[in-house]
There are 2 protein chains.
Amino acid sequence: MTENIEDPVTDGRVLRGEATRERVLDAAERLFAAEGFDAISIRRIAAEAGVTLGVVSFHGGTKHQLFATVIERRVAALNADRRARLGVLLSGDKPPELRDLVDAYLTPYLTHASRGDPQWRAYARLIARIVSDDRWYPEIGNFYDPVAQEFLDAIQSARPATPRKELVTALTLTVAAMLSLVASRARIAGLSGDPAGEPLAYRETLITFCLGGFDAISRES
Amino acid sequence: MTENIEDPVTDGRVLRGEATRERVLDAAERLFAAEGFDAISIRRIAAEAGVTLGVVSFHGGTKHQLFATVIERRVAALNADRRARLGVLLSGDKPPELRDLVDAYLTPYLTHASRGDPQWRAYARLIARIVSDDRWYPEIGNFYDPVAQEFLDAIQSARPATPRKELVTALTLTVAAMLSLVASRARIAGLSGDPAGEPLAYRETLITFCLGGFDAISRES
DNA sequence: GTCTATATGTAGATAGAC
DNA sequence: GTCTATCTACATATAGAC
């Protein structure tokens with residue numbers, strides 16, 4: 001096939017370029033998730049993607065830009081999942097139950113971390129790795145915190161007597177607990193003696209635990 | 001002062017050597033805590049300690065050995081704190097309350113993370129960083145899990161009807177929440193709008209949250 | 001768009017002078 | 001015990017051929 005000058009956007013070269021770019025981002029996502037930003041070299045990403053060194057720089061820019069692109073690529077989808085669930089809850093006749101709000105925040109992440117696309121599973125591990133690292137927070141807080149604030153508004157409506165500050169702390173602890181199911185699977189396995197199940201398998205227990213925490217804090221305020 | 005052959009263990013050279021070794025370990029502890037194993041070079045540790053490159057290798061061995069030494073150096077003290085508190089609770093007439101058990105596990109860490117020796121604060125950050133990283137768990141689980149098992153035995157006595165597996169999960173989520181107060185201070189600050197207080201300032205809220213979680217899980221089992 | 005070649009710096013580790 | 005000097009490998013990044 002020769003170049004198609006009538007439809008340059010979908011010609012062979014452009015398609016190949018897009019596919020290469022995706023391969024590079026996927027490889028970076030897998031490696032950054034497994035070992036972290038500093039442990040991974042651009043060379044290893046190139047090898048993992050099956051391209052040469054210059055190709056990674058061409059599509060990804062500097063290592064830092066590449067990392068940011070990997071993070072940003074899936075933010076919109078995760079935020080949309082959470083907002084859709086929140087929207088359904090808010091559109092009912094009665095104000096939503098706290099349990100449903102916690103569920104709506106936790107389940108999209110746990111689902112991506114457990115099911116389907118291996119790249120999404122890698123992304124979930126990557127998020128778990130960097131959200132608990134103050135070095136990266138400024139870069140990703142802007143992506144995720146607005147949705148967290150929307151949930152906090154709804155949570156505040158469900159617990160009007162509890163100070164906002166206490167609810168913020170409770171949500172922070174909840175998110176930390178959620179992420180630990182993805183980031184600390186070896187520790188869970190070591191303590192329990194069995195290999196850790198998928199994060200989604202702990203969903204009920206996690207939601208029960210965190211809701212119990214929210215309720216205990218509401219009771220004391 | 002010349003060499004004292006009557007007391008070689010305390011002569012000038014040996015003392016100087018020990019002090020240098022401590023300076024190297026302290027510098028490594030601070031830097032590994034702040035940026036992680038992979039981001040820190042031996043050269044930066046040497047500069048931070050005010051010694052030359054060879055001195056770090058002489059006292060610390062390979063980079064990996066140095067890291068392991070830094071981790072191991074304070075394990076015994078933290079374990080002893082927790083065991084002492086557990087011993088007091090178990091020596092009473094009545095079996096200990098779950099709240100006191102959770103308190104006994106969390107407070108020693110939070111105290112070291114908030115008070116006193118800046119090196120202990122750095123160590124607390126380092127632990128928070130690597131406990132949520134499966135790459136390092138095999139190296140540190142052996143140090144910390146035996147004490148966690150002793151606490152789980154006591155927790156099981158306080159909640160005999162709850163399956164051990166559920167209690168293990170609850171303790172894991174509790175530890176993750178505890179560590180997040182140290183590792184995710186920027187996220188807490190970003191969500192709440194205020195700078196995050198010291199980890200110890202969240203102690204009551206944390207214990208209330210986690211105890212509520214334990215109770216909710218016990219109720220459902 | 002793709003890749004080779006390379007510029008420039010830094011990594012970990014150690015041999016050997018003092 | 002301390003430090004200099006150095007080996008070898010690998011890092012990021014980019015200029016320029018195709």
Side-chain angles (χ1 to χ4, degrees), chain A residues 1-5 7-29 31-32 34-70 135-136 139, chain B residues 1-5 7-29 31-32 34-70 135-136 139:
Chain A
M1 185 200 293
T2 59
E3 185 179 335
N4 175 357
I5 65 169
D7 193 2
V9 174
T10 58
D11 77 2
R13 291 183 313 176
V14 172
L15 279 181
R16 194 149 30 86
E18 261 309 299
T20 303
R21 184 187 139 92
E22 292 300 310
R23 276 221 313 286
V24 169
L25 290 175
D26 286 352
E29 191 168 57
L31 293 176
F32 285 144
E35 301 182 36
F37 180 81
D38 298 302
I40 297 301
S41 65
I42 298 181
R43 276 177 167 74
R44 283 185 65 190
I45 295 170
E48 175 85 8
V51 301
T52 53
L53 194 57
V55 177
V56 177
S57 295
F58 178 78
H59 286 292
T62 68
K63 188 183 174 187
H64 192 103
Q65 287 168 343
L66 174 61
F67 187 77
T69 303
V70 166
R135 258 173 93 211
W136 293 109
E139 208 136 349
Chain B
M1 185 199 292
T2 59
E3 186 180 334
N4 175 356
I5 65 170
D7 194 1
V9 174
T10 57
D11 77 3
R13 290 184 313 176
V14 172
L15 278 181
R16 193 148 31 86
E18 261 310 298
T20 302
R21 184 186 139 91
E22 292 301 311
R23 275 221 313 284
V24 168
L25 290 176
D26 286 353
E29 191 169 57
L31 293 176
F32 285 144
E35 300 182 37
F37 181 81
D38 298 301
I40 297 301
S41 65
I42 298 181
R43 280 175 167 78
R44 283 185 64 191
I45 295 169
E48 175 83 8
V51 301
T52 53
L53 193 57
V55 177
V56 176
S57 295
F58 178 79
H59 287 290
T62 68
K63 188 182 174 188
H64 191 104
Q65 287 168 343
L66 175 60
F67 188 77
T69 303
V70 166
R135 258 173 93 209
W136 293 109
E139 207 136 351

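Letters A, B, ... are given to chains in the order of the sequence lines, protein chains preceding strands, and every chain is numbered from 1. Heavy-atom basis, side chains included; hydrogens, waters and symmetry copies ignored.
Summarising the geometry, the separation between CD on B:Glu35 and P on C:dA11 is reported as 12 Å, rounded to the nearest angstrom. Look at CD1 on B:Ile45: it is 17 Å from P on C:dT10, rounded to the nearest Å. Between the CZ atom of A:Arg23 and the C1' atom of C:dT2 there is a distance of 12 Å, given to the nearest Å. Spacing between atom CG of A:Asp38 and atom C1' of D:dA11 amounts to 12 Å, rounded to whole angstrom units. Taking atom CD on A:Glu22 and atom C1' on C:dG1, their separation rounds to 16 Å, with Å as the unit.
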Scan nucleotides 13-18 of chain D against the protein and return all N/O pairs shorter than 3.5 Å with their distances rounded to 0.1 Å.
residue : atom : partner : partner atom : Å
D:dA13  : OP2  : A:Lys63 : N            : 3.1

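Phosphate proximity of D:dC10 to A:Ser41: absent, as no side-chain N or O sits under 4.0 Å from OP1 or OP2. When the side-chain nitrogen and oxygen atoms of A:Thr20 are compared with OP1 and OP2 of C:dG1, none of them lie within a distance under 4.0 Å.
Remark: B:Arg135 engages B:Asp38 in a salt bridge (charged side-chain N to carboxylate O under 4.0 Å, His left out) (not counting sequence neighbours). For A:Glu139, the side chain to side chain contact (heavy atoms under 4.5 Å, CB included) partners at least two apart in sequence or on another chain are A:His64, A:Ala68, A:Trp136. In this structure A:Ser41 satisfies the side chain to side chain contact (heavy atoms under 4.5 Å, CB included) test together with A:Arg43, A:Arg44, sequence neighbours excluded.
Pairs of residues two or more places apart, or lying in two chains, never qualify as salt bridge (Lys or Arg N to Asp or Glu O under 4.0 Å) while including a residue from residues 57-69 of chain B. Within the structure, salt bridge (Lys or Arg N to Asp or Glu O under 4.0 Å) pairs that include any residue of residues 47-60 of chain B comprise B:Arg30-B:Glu48 (at least two apart or interchain).
The residue B:Ile40 sits close only to the backbone: its heavy atoms come under 4.0 Å of sugar-phosphate atoms, none of a base.
With a 4.5 Å cut-off on side-chain heavy atoms, B:Leu66 and B:Ile45 count as touching.
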